[in-house]
Amino acid sequence: MAFEGLTERLQNAMRKLRGKGKVSESDLRETMREIRLALLEADVNFTVVKDFVKQVRTRAMGADVLEGLNPAQQIVKIVDEELTKTMGDEAVPLNKSDKIPTIIMMVGLQGAGKTTTAGKLALKLKNEEKARPLMIAADVYRPAAIDQLVQVAQGIDVPVFQLGTDVDPVDIVRQGLAQAAENHNDYVIIDTAGRLQIDEQLMDELANIKELAHPDEILLTVDAMTGQNAVATAEGFNNKLDVTGVVLTKLDGDTRGGAALSIRAVTGKPIKFIGQGEKMTDLDVFHPDRMASRILG
Ligand code: GDP
């Protein structure tokens, strides 16, 4: 289960304050030390942890919590609010274009769940907005990637534009967009190539596709199971492409929490969706407050 260790440790850290009419400075110091360790162990970025702990501590000291009624509850509330803030406070909706089509470019490392997420998103738009998306297969390096996208698309009854693997991805996108215009598709979802790690050539290609397509949304898919690596990946893609949002996948697995809690604070870019399973319906809007509650258990 996701966040299991983190939830338990945070609860333990704060449980010790329960029943105390007053919390001494040394009680608070001890609690903050345990919260700090819990976050570090969950693979949360070091600077994010430092800022978080400082913020909670300042608020706990400042608001007369130590003197007040039921200090344990007040500190739980402060931690809850600060976790929410660290993850961006509010849910951030998908960017939409004033005129059709809204163009969404999917980027990410191989295996992160980019193609699966492209399908999930297309289905969500179909179900919730009665949208008519077109998907473009722009990963020409692995023939299996196109087959996979076609299979995903068939399962949700969404058309795919593809020209096989012998055409330049930028040309594929150009022609795909022309087809979308002809067919009046309201969304275009471009599935781009992934690699095992970030490399210059891939980034240049993605930059070229971006320049041609002017996407309204560049959604970076990252695997929550990879913790700090997910954060480093997000930084790498964001530096080159200035992404507009992040999809955090595999939150149904036993991820520790580092990616969920660090990405927004490190990159400044919002997590917009979370993947919570392999089925096409397993994509949810990311709500920082709900995620904070889930982490606190
Ligand atoms: P891509 O290489 O980035 O396009 O990744 P894929 O879409 O092929 O996904 C890689 C694997 O991760 C597949 O087996 C997917 O079913 C799986 N996957 C994707 N998203 C999720 C998720 O949210 N939860 C789980 N459990 N598996 C996922």
Side-chain angles (χ1 to χ4, degrees), residues 1-4 94 104-125 127 133 135-156 158 160-162 165 169 172-173 176 188-199 201-203 205-206 209 215 217-227 229-234 236-238 240-241 243 245-260 263 271-287 290-291 294-295:
M1 207 178 80
F3 315 131
E4 211 164 14
L94 199 65
I104 302 167
M105 180 173 167
M106 306 295 302
V107 301
L109 294 182
Q110 200 174 306
K114 179 166 38 63
T115 303
T116 308
T117 304
K120 287 174 173 177
L121 188 57
L123 180 63
K124 199 175 190 53
L125 294 167
N127 286 346
M135 305 223 258
I136 299 180
D139 181 353
V140 298
Y141 303 103
R142 293 185 310 133
I146 298 182
D147 294 344
Q148 188 196 350
L149 183 66
V150 168
Q151 224 167 40
V152 162
Q154 271 171 357
I156 56 172
V158 166
V160 175
F161 180 86
Q162 63 137 324
T165 55
I172 296 174
V173 172
V188 172
I189 301 176
I190 306 171
D191 189 30
T192 63
R195 297 274 161 85
L196 291 176
Q197 50 203 3
I198 292 182
D199 71 53
Q201 197 195 349
L202 172 67
M203 287 299 160
E205 177 180 306
L206 295 177
I209 293 176
E217 184 81 67
I218 302 180
L219 273 186
L220 170 66
T221 305
V222 295
D223 178 345
M225 305 283 283
T226 63
N229 284 337
V231 181
T233 302
F237 273 90
N238 190 43
K240 182 76 181 188
L241 294 170
V243 306
V246 177
V247 182
L248 199 56
T249 63
K250 310 190 193 181
L251 275 171
D252 50 314
D254 60 352
T255 171
R256 285 184 290 170
I263 281 179
I271 298 173
K272 293 196 171 180
F273 297 97
I274 49 178
Q276 312 216 70
E278 297 195 75
K279 291 199 306 292
M280 280 295 115
T281 46
D282 293 332
L283 185 74
D284 296 297
V285 170
F286 178 71
H287 292 278
R290 291 182 204 168
M291 188 57 71
R294 194 169 145 190
I295 289 171

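Counting starts at 1 for both ligands and their atoms, in listed order. The shown structure was predicted, so the numbers you read here are calculated from the model rather than taken from an experiment.
Scanning the protein heavy atoms around atom 10 (C) of ligand 1, the nearest turns out to be Gly111 O, 3.6 Å. With hydrogens left out, the protein atom closest to atom 7 (O) of ligand 1 is Thr116 OG1, 2.5 Å, a heavy atom. Scanning the protein for heavy atoms near atom 3 (O) of ligand 1, the closest one is Lys114 N, 2.7 Å.
Close contacts of ligand 1 with Gln276, meaning ligand atoms under 4.0 Å from a residue heavy atom, involve 23 (O).
Using a 4.0 Å cut-off between heavy atoms, Gln148 contacts ligand 1 through its side chain alone, with no backbone atom that close. At a 4.0 Å heavy-atom cut-off, ligand 1 touches Leu109 through the backbone alone.
The shortest heavy-atom distance from Thr221 to ligand 1 is not under 4.0 Å. At a 4.0 Å cut-off, at least one heavy atom of Ala112 sits close enough to ligand 1 to count as contact.
Looking at Lys250, Met280, Arg195 and measuring to atom 28 (C) of ligand 1, the nearest heavy atom belongs to Lys250. Counting only non-hydrogen atoms, the option in Gly275, Ala145, Ala193, Gly277 that gets closest to atom 21 (C) of ligand 1 is Gly277. In this structure, of Gly119, Ala224, Gly113, the residue bringing a heavy atom nearest to atom 19 (C) of ligand 1 is Gly113. Counting only non-hydrogen atoms, the option in Asp139, Asp282, Asp252, Asp223 that gets closest to atom 25 (C) of ligand 1 is Asp252.
Residues Ala122 and Met135 share a closest heavy-atom pair of CB-SD, 4.2 Å. Smallest separation of non-hydrogen atoms from Asn238 and Val243: OD1-N, 3.0 Å.
Atom CZ of residue Phe286 and atom CG of residue Leu248 lie 7.5 Å apart, to the nearest 0.5 angstrom. Here the straight-line distance linking atom CD of Gln197 with atom CG of Leu202 works out to 11.0 Å at 0.5 Å rounding.
For ligand 1, the polar-atom distance check against Thr249 finds no nitrogen or oxygen pair separated by under 3.5 Å. Taking any N or O of Glu278, backbone or side chain, at least one lies under 3.5 Å from an N or O belonging to ligand 1.
Asp254 is listed as a side-chain neighbour of Met225, based on a closest heavy-atom distance under 4.5 Å. With contacts defined as side-chain heavy-atom distances shorter than 4.5 Å, the pair Met106/Thr115 does not qualify. Looking at Lys240 and Leu206, their side chains never come closer than 4.5 Å, going by heavy atoms from C-beta outward.
Applying the 6.0 Å contact sphere to CZ of Arg294 captures more than 12 heavy atoms from other residues, nucleotides or ligands.
Contact check on Asp282 versus Lys120 returns no salt bridge, with no Lys/Arg side-chain nitrogen under 4.0 Å from an Asp/Glu carboxylate oxygen.
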